[in-house]
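Indexing begins at 1, ligand by ligand and atom by atom, following the structure's order. For the numbers below, each heavy atom of this structure counts, side chains included, while hydrogens, waters and symmetry mates do not.
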Amino acid sequence: MVSTFPHTHSVDVSQIRLAIRSLQPQLVEWRRYLHQRPELGFKEQQTANFVAQKLQEWGFEQTLDTSVPLRYQTGIAKTGIVATISSNRPGPVLGIRADMDALPIQEENEVPYRSQHDGIMHACGHDGHTAIALGTAYYLAHHREDFAGTVKIIFQPAEEGPGGAKPMIEEGVLKNPDVAAIIGLHLWNNLPLGTVGVRTGALMAAVEVFQCTIFGKGGHGAMPHQTVDSIVVSAQIVNALQTIVARNVDPIDSAVVTVGKFHAGTAHNVIADTAKMSGTVRYFNPKLEGYVEKRIEQIISGICQSHDASYELEYLQLYPPVINDSKIAELVRSVALEVVETPAGLVPECQTMGGEDMAFFLQQVPGCYFFLGSANPSKDLAYPHHHPRFDFDETALGMGAEIFVRCVEKFCG
Ligand SMILES: [Zn+2]
Ligand SMILES: [Zn+2]
């Protein structure tokens, strides 16, 4: 936890901490304002307006003119915003990414700042990400002399789906000026407050989904010889799909094939004509892209053929794996160590099979996505992400802004 001042750091560094600490009440205020007004993917209009209004208050101009040191653009990939802060000295361009969207969940927290939008909730912490990014923009706008080059702060829509990172990249957020590296964080209730999860290589998994319909031939439950039982065929498929992870993927690599949905049949004495299943595939190694998909189709097709059934398969690659660059991960690690102040606060075993569309940014430029511990069981702030009682310890907001600012000063120093 950030509770003591560093003794060995230069005056500069402790000044960052003091300045960010004095911002803490605003960070909390912004986060709670956004928490009360959650919006689903690509509908983050109020959120975007709030971000733009703050940027304007701090002297940012809405313009494409790159000679204006504090500028922003709205409406990128519908509701996305980019705030750019250029110093007076030439230097590299660092991107900082935050997501803004909420989830279709009815909030069950009884807090004064609970969601005012029925059935929608910031249950993943993206309200916090937006507040942290705003705090970073505020600080950097007021300390342009402390770094060289440019910082682009990317407020992204629709991380929870269908994905705002890819369309923002397609609309050019990483260009003009060209982003050299990018960082981003996720508040993380799987880690306690005062810790940072950072690692080189894969942090989060690729996310792929499939939907499959098996077509058999229905009939009487007592006369199976006249039918092709879609349930029997599908049951074999579900089992055989497990061999992809157990027998096809290199055991050194991690992968998941989950059939999460299976629907068939109408009555105990009727053989089901069709069966529908859908599932998700996860893996870290980018080399597995296309491979699991191919094996799934081979298995479904082979089993169907052997039973005289047929199938329809729809397969979607949603997000690639989140792969961190070793140099930028090292930058984040060194900065995080200064902020958490103890090596025990750095958690390298923080991989998760969850996915994130930050992955698309990391495919374009080297970067590092990391987890900022935000759970505090003593305050009952430890529910998992996407839970109707999810909430986090807001002390983490200041830590997040401090890590971002220090990364800027180290990368663009
Ligand atoms: Zn989420
Ligand atoms: Zn999230």
I'd like to know whether CG of Asp118 has more than 12 heavy-atom contacts from other residues, nucleotides or ligands below 6.0 angstrom. no
Which atoms of the protein, restricted to N, O or S, are nearer than 2.8 Å to the Zn ion (ligand 2)? Cys124 SG, His126 NE2, His186 NE2
Report the C-alpha separation of Tyr138 and His142 in whole Å, then their side-chain angles, then the decisive distance to 0.1 Å, and conclude whether the ring-ring contact (aromatic ring centres under 6.0 Å, His included) test is met. CA-CA 6 Å; Tyr138 176 89; His142 292 84; 4.2 Å; yes
In terms of relative ring orientation, are His186 and His126 parallel, tilted or perpendicular, with 30° and 60° separating the classes? perpendicular
Using a strict threshold of under 4.0 Å (side-chain N to carboxylate O), is an ion pair present between [Y] and [X]?
| X | Y | result |
| --- | --- | --- |
| Glu39 | Lys78 | no |
| Asp99 | Arg97 | yes |
| Glu330 | Lys327 | no |

